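What follows is one structure encoded as structure tokens, with my remarks underneath.
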Amino acid sequence: MSEILAKFQNILNQFTNDTVHELELLAQSGSSRRYFRLHTANGSYIGTEGKDLKENEAFISLARHFNYQQVSVPKLLAHTDDFRYYIQEDLGNTSLYNFLPAPGEAHTQDLFALYLKSVDLLLSVHTRGSQSIDFGHCYPTADFDALSIQWDLEYFKYYFLKLNDLSYDEYALQEELDQLRDMVAAIPRNCFMVRDFQSRNIMIRDEQPVLIDFQGGRRGPYHYDLVSLLWQARANLPHQWKDELKDRYLKGLSESVSLDEAAFNKDYWLIVLIRTMQVLGAYGLRGVVQRKQHFLSSIPFAVENLKYLLVEKSWYLPALPQIKHAFIEYINRKSN
């Protein structure tokens, strides 16, 4: 730990005379990056160590861009020449996730107000933040293209369907996944897509949201980040809230770009489906395989989202007999 402290002290010396007197390792989430709180006599900072140097470089570049465009993200203060270590401002410990009700408790109007502000933050990312952005700095790819979508769908196949030993016709399933991939890849990609715009990645400081995790972002469709926020499994937002927040987003977006609302709404449910499938795969990997409790406890909420889609919104979606058959098998197994 003393070696890492020395690294962060050297970075700190680039912009302040403060001395680190305590190095606090923060809890990890889904990534391999390590976060530290650097305590000094005059305050605190957040230090990050990441072994994926290109991913770190993407974060640093994007953070500087968003700060310049006045999008609410942490201030990037300094970094090592090789990008392995960097320091940003400390936003505290409270995320939007911390305001979510416990299962069975009611969603409050105070929480709804924070979601309204988070939608406004997303609009700033998709409008001001997407202006003059160099997508060449995105990592591992500049676009949410067919290959990116295929990887997400394979997450669902291997870490949900196969992990749960569900039955399906392998060839027919692949045809369905390929069909979904091609349909989503055909949706126009017009903005910087954060990719994981959800409550755990939105810090709340002075009752205002700040986006903290965007290094995996790339050019993508407007819908994806909105879906990530509104359909986050653990948030379990009331459907009326989802409708109202979606309307706020569409109204705000239409003030900045030319928007075909009919086309947007047509593609919206397709994005909800593929995001839900990706999340189920991610929860399978992080929860079932890696035994991370947060992801395990979120699986039932994600399953409910998929159930709602396939039952209540099926007319918006292509026929998916293999996926539906496997999912029904899963539901029946859990209910017995």
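All values below come from the heavy atoms of this structure, side chains included, with hydrogens, waters and symmetry mates left out. All values reported here derive from a predicted model rather than from experimental measurement.
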Next item on the list: Could you tell me the separation between the CZ atom of Arg84 and the NZ atom of Lys51, rounded to the nearest 0.5 Å?
Entry: 6.0 Å

Checklist line | Donor-acceptor under 3.5 Å (Glu261 side chain, Leu250 main chain) | finding: no

Note to self: Counting only heavy atoms not in Lys307 (residues, nucleotides, ligands), do more than 12 fall under 6.0 Å from its NZ?
What the structure shows: no

Notebook entry, point to check: Have Arg181 and Gln150 got a donor and an acceptor in their side chains that come within less than 3.5 Å?
Noted result: yes

Check: Do we see a donor-acceptor contact under 3.5 Å between the side chains of Arg37 and Asn93?
Finding: yes

Check: Do Leu177 and Tyr158 belong to the same hydrophobic cluster, where Ile, Leu, Val, Met, Phe, Trp and Tyr are linked whenever their side-chain heavy atoms lie under 4.5 Å apart, directly or via other members?
Finding: yes

Margin query: Just checking Lys313: does its NZ atom have more than 12 heavy atoms from other residues, nucleotides or ligands closer to it than 6.0 angstrom?
Written below: yes

Check: Under 3.5 Å, is there a donor-acceptor pair between the side chain of Asn164 and the main chain of Leu166?
Finding: no

Check: For the side chain of Ser72 and the backbone of Pro209, is there at least one donor-acceptor N/O pair under 3.5 Å apart?
Finding: yes

Checklist line | Minimum-distance pair of heavy atoms, taken over all atoms of Glu55 and Gln215 | finding: CG-CG, 3.6 Å

Next item on the list: Ignoring hydrogens and angles, state whether a donor on the side chain of Ser44 or Asp90 is under 3.5 Å from an acceptor on the partner side chain.
Entry: yes

Margin query: Can you give me the closest heavy-atom contact between Ala302 and Leu280, atom names plus distance?
Written below: CB-CD2, 3.6 Å

Next item on the list: Answer yes or no for Lys246 and Tyr268: cation-pi contact, defined as NZ/CZ to six-membered ring centre under 6.0 Å and angle to ring axis within 45°.
Entry: yes

Next item on the list: Give a yes-or-no answer on whether the side chains of His39 and Tyr45 include a donor-acceptor pair shorter than 3.5 Å.
Entry: no

Note to self: Could you tell me if the side chain of Thr94 sits less than 4.5 Å from the side chain of Phe99, heavy atoms only?
What the structure shows: yes

Margin query: Test salt bridge (Lys or Arg N to Asp or Glu O under 4.0 Å) on Asp143 and Arg219; report intermediate values, then the result.
Written below: CA-CA 5 Å; Asp143 278 275; Arg219 182 167 31 219; 2.9 Å; yes

Next item on the list: Kindly assign one of parallel, tilted or perpendicular to the pair Phe192 and Phe66, based on the angle between their ring planes and the thresholds 30° and 60°.
Entry: perpendicular

Item checked: Distance, nearest 0.5 Å, that separates OG of Ser95 from CE of Met203 -> 5.5 Å

Check: So among Phe264, Phe144, Trp231, Phe197, which one has a ring pair (Phe, Tyr, Trp, His ring centres under 6.0 Å) with His223?
Finding: Phe264

Notebook entry, point to check: Any donor-acceptor pair under 3.5 Å linking the side chain of Lys117 with the backbone of Glu207?
Noted result: yes

Notebook entry, point to check: With no hydrogens and no angle check, do the side chains of Ser228 and Gln198 hold a donor and an acceptor under 3.5 Å apart?
Noted result: no

Notebook entry, point to check: Is there a donor in the side chain of Gln240 and an acceptor in the side chain of Glu244, or the other way round, less than 3.5 Å apart?
Noted result: yes

Check: With a 4.5 Å limit on heavy-atom distance, are the side chains of Leu285 and Leu163 in contact?
Finding: no

Notebook entry, point to check: How far does CZ of Phe112 sit from NE2 of His107, to the nearest 0.5 angstrom?
Noted result: 12.0 Å

Note to self: When you compare the side chain of Ile271 with that of Val184, does any pair of heavy atoms fall below 4.5 Å?
What the structure shows: yes

Note to self: Quick one about Thr80 and Asp82 (side-chain donor to acceptor, distance below 3.5 Å, no hydrogens or angles considered), yes or no?
What the structure shows: yes

Note to self: For the aromatic rings, using the six-membered ring if either is Trp, is the centroid distance between Tyr308 and His239 under 6.0 Å?
What the structure shows: yes

Margin query: Contact between Phe214 and Asp196 at the side-chain level, heavy atoms closer than 4.5 Å - yes or no?
Written below: no

Next item on the list: Please tell me if the side chains of Ser118 and Leu96 come closer than 4.5 Å, counting only heavy atoms from C-beta onward.
Entry: yes

Next item on the list: Using the six-membered ring wherever Trp is involved, compare the ring planes of Phe160 and Tyr330 and label them parallel, tilted or perpendicular (cut-offs 30° and 60°).
Entry: tilted

Check: Is a side-chain N or O of Gln9 found less than 3.5 angstrom from the main chain of Asp18, in a donor-acceptor match?
Finding: yes

Notebook entry, point to check: Arg195 pairs by salt bridge (Lys or Arg N to Asp or Glu O under 4.0 Å) with which of Asp152, Asp213, Asp225?
Noted result: Asp152

Item checked: Student check: side-chain heavy atoms of Thr16 and Asn42 closer than 4.5 Å -> no

Next item on the list: Could you give me the CA-CA distance, side-chain angles and deciding distance for Phe59 and Tyr86, then say whether ring pair (Phe, Tyr, Trp, His ring centres under 6.0 Å) is met?
Entry: CA-CA 10 Å; Phe59 178 86; Tyr86 55 90; 5.3 Å; yes

Check: Taking side chain as C-beta onward, heavy atoms only, is Ile133 less than 4.5 Å from Phe135?
Finding: yes

Checklist line | Side-chain donor/acceptor of Ser297 to backbone N/O of His294, under 3.5 Å | finding: yes

